[in-house]
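What follows is one structure encoded as structure tokens, with my remarks underneath.
Naming convention: chains lettered A, B, ... in sequence-line order (proteins, then strands); numbering from 1 in each chain.
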2 protein chains.
Amino acid sequence: MGTPSIKEVAQRAGVSVGTVSNFLNRPGIVAPETRKRVQDSIQALGFVRNEAARHLRAGKSRTVGLIVLDVTNPFFTDLAEGAEALAYEHDTVVMLCNSKTDPVREGHHLDQLEQQRVMGILITPFDSTDPRLTALVDRGTPVVLVDRTADRGLCSVSVDDQLGGRLAGNHLIESGHRRIAFIGGPFTMQQVADRKAGITAIVEETGDVDLEHYEVDVMGVVEGRAIGEQLAALPARSRPTAAFLANDLLALGFLQGMAVAGLRVPRDMAIVGYDDIDFARAAAVPLSSVRQPAELLGRSAMELLQEEVESAERHRHRQVIFQPDLIVRESSDFKRRR
Amino acid sequence: MGTPSIKEVAQRAGVSVGTVSNFLNRPGIVAPETRKRVQDSIQALGFVRNEAARHLRAGKSRTVGLIVLDVTNPFFTDLAEGAEALAYEHDTVVMLCNSKTDPVREGHHLDQLEQQRVMGILITPFDSTDPRLTALVDRGTPVVLVDRTADRGLCSVSVDDQLGGRLAGNHLIESGHRRIAFIGGPFTMQQVADRKAGITAIVEETGDVDLEHYEVDVMGVVEGRAIGEQLAALPARSRPTAAFLANDLLALGFLQGMAVAGLRVPRDMAIVGYDDIDFARAAAVPLSSVRQPAELLGRSAMELLQEEVESAERHRHRQVIFQPDLIVRESSDFKRRR
DNA sequence: GACCCCAGTTGAATCGTCTAAATCGCCATG
DNA sequence: CATGGCGATTTAGACGATTCAACTGGGGTC
């Protein structure tokens, strides 16, 4: 009936189960002629290995969980791509989970993954100080934080968000802007706070520049557009001439808000986003953006995890930090005379 | 060392493993006092059920694979949402896999899922006639096609794409348009062909309406923008006054192309897209679009799967087809005088 | 007092695969 | 001919949870 097991394969081939197992795992030690018989038997029966049994026996799984905040955000899928690529080389499987920035969903996924005894978990957590995470590690499931910097207790890979904010700010200031809006949120999210800190720092170093903050609950297109319309409604005199937005979805919405209000980008309003998603390049006015090495991030996270799994006991947690790049496109490419 | 097993829980609680198992699966038959002892033991040891062992013993898994063509497309994540919601109610887990429209990746995922002996697979296949799919079913893994109509051999849930094309066409014709462009591609994809057939049918029924076809290789923002600029460059006299695009990404790009060329939407060009993704509503000019009940689609697919798993032998494959809705927004909301 | 009933509990068998140790032939060597 | 060695194969447990038949002990019934 159901899928045949190794036992039935053995029977049909006239060998013992041990030999079939050897064929599967160490084909070298099986005699060529036997090898052929087993191979034929597998073919004929349509045998497929039972991963659950292997896993139970081996005591460790060959799948890795990856929990991201938003699968529809291309940044995260690029990240997943990088993680999967490395996983593929090591013959492991990535299980992609979408927390949708919801701690409850996140918790549910963590539970499921732990029950499955996954090899490890890569996660962009809602709250990187969540005690669940360290508890998980204590019980034996390695965890690597992605796009978040951990303190000593965990491994992490992240991008220097302060530097990102600084790059964006520096570019806008050098282009002559003296009144700049920072838009993002919630400010409690580490990423957002860091980007804000970065631009704030360079603004203060420069002096003679105004920085205004606008906070949103969710960083989506809709919210960006709303803020855009709000700013566009101000008299030109009291309106920022440039905006730095904490992600590209927000920036795209903001750009649309400008278009609706009839403001020209970049002449009336320069815009810089964050993440450099594909949409950014294809926007009505191609969007300047701070690029994060998403794929590399995913790949590195997987590397750290594998390292942790292999070295087990004498593993030292590491925090890897990458540098972002500023990609200048039309949306901010306009020199303003002072 | 590792995670404690049911055995250690039993030992600490001074009961047998059978009792612990009963506690976990049929708490009702365990004496209240014993129940408490077991509960405490589980707490103290941080016991977590081993899904692999359960699975092996039970002979069937509690996870379902969902393979989609593109996780970054909100249509598919909405679909996944629907599937997950129902799965959650039945205490099963959805494993999301991204084939990225690549048959090789798709095959790899199918292999992995079969090895894991998943309860079943929901898939938007690259090619719905792929013999792998029926082979999978023959070997005992139920498969339900999503967003594709299967022939008798499989269950499927899909949306009536011809009707979708018809709705869009009808709306544009009723608004007074007599020269309409259909844009999409490749025309060999079943979905695209059906949408085209739908609008073609109503155009022919009406008479006195011109329908032009433009084929693209990939339905992305960039391609839409290119076609938009191409059409905008035509003299007004010989230019369609309305465009129906086979997906929203294409439509968004097309809209940008209009904006760049200085054409007004909907006055100079009415636009209707397909899928009604969130972006559509938030676009510079909110986009009319044919909405597919993505979440319902996912939910129904999961329902069919569960039905198939439960009724096993005497299961009859079913093909469920939903109706799309036309959502009219500003991009096509303009009555043209004849 | 013999009997049965019942709630609660136990212990062994089982799922499919892997591995370490044991066994089997067979050949070469002395 | 006995011994040893070697390659190929088999055997016999695990791994952790579940299930089910068997058991226990206390109470009620006749």
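Between the CD1 atom of B/I6 and the P atom of C/dG11 there is a distance of 14 Å, rounded to whole Å. Between the CZ atom of B/R37 and the C1' atom of C/dT9 there is a distance of 11 Å, rounded to whole Å. With rounding to whole Å, B/Q115 atom CD is found 13 Å from C/dG16 atom C1'. With rounding to whole Å, A/F23 atom CZ is found 16 Å from C/dT19 atom P. Residue B/R117 contributes atom CZ, which lies 9 Å from atom P of C/dG16 at whole-angstrom precision. If you take CG of B/N25 and P of D/dG16, they are 17 Å apart, rounded to a whole angstrom. Computed from coordinates, the A/K7 NZ to D/dT10 P distance equals 15 Å when rounded to whole Å. The nearest whole Å value for the distance from the CD atom in A/Q116 to the C1' atom in D/dA17 is 16 Å.
Around CZ of B/R318, the count of heavy atoms belonging to other residues, nucleotides or ligands within 6.0 Å does not exceed 12. Residue B/Q11 places its CD atom among 12 or fewer non-hydrogen atoms of other residues, nucleotides or ligands, all under 6.0 Å distant.
Between A/R26 and C/dC18 there is no side-chain N or O to OP1 or OP2 distance below 4.0 Å.
To the nearest 0.5 angstrom, B/M119 atom CE is 11.5 Å from B/H55 atom NE2. Interatomic distance, B/F76 CZ to B/L96 CG, rounded to the nearest 0.5 Å: 11.0 Å.
A 4.5 Å side-chain heavy-atom check between B/R54 and B/R49 finds at least one atom pair inside the cut-off. Considering only heavy atoms from C-beta on, B/V20 comes within 4.5 Å of B/V9 through its side chain.
Proximity note for B/N22 (side chain, C-beta onward) versus C/dT17, D/dT10, C/dT10: the nearest is C/dT10. Picking from C/dT10, D/dT18, C/dC15 the nucleotide with the shortest atom distance to the side chain of B/L56 gives C/dC15. Distances from the side chain of B/V15 to the nucleotides C/dT10, D/dT9, D/dT18 place C/dT10 closest. Taking the side chain of A/T34 as heavy atoms from C-beta on, and the options C/dT9, D/dT9, C/dT17, the nearest nucleotide is D/dT9.
The residue A/G18 sits close to a base: some heavy atom pair falls under 4.0 Å. Using a 4.0 Å heavy-atom cutoff across all strands shown, A/S21 reaches at least one base atom of the nucleic acid. B/T19 comes within contact range of at least one nucleobase, with a heavy-atom separation under 4.0 Å. Among the atoms of the strands shown, none is found under 4.0 Å from any heavy atom of A/V20.
Remark: the A/R57 side chain and the C/dT17 base include no donor-acceptor N/O pair separated by less than 3.5 Å.
Mapping A/A58 and B/I29 onto DNA chain C by nearest heavy atom places B/I29 at the nucleotide closer to the 5' end.
Residues from residues 47-55 of chain A placing a heavy atom under 4.0 Å of any atom in DNA chain C, listed by number, are A/F47, A/R49, A/N50, A/A53, A/R54.
Among residues two or more places apart in sequence or in another chain, the salt bridge (Lys or Arg N to Asp or Glu O under 4.0 Å) test is passed with A/D40 by A/K36.
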Using side-chain contact (heavy atoms from CB on, under 4.5 Å), reason through A/S128 and A/Q190 one step at a time and then give a plain yes or no. CA-CA 9 Å; A/S128 52; A/Q190 195 196 328; 3.8 Å; yes
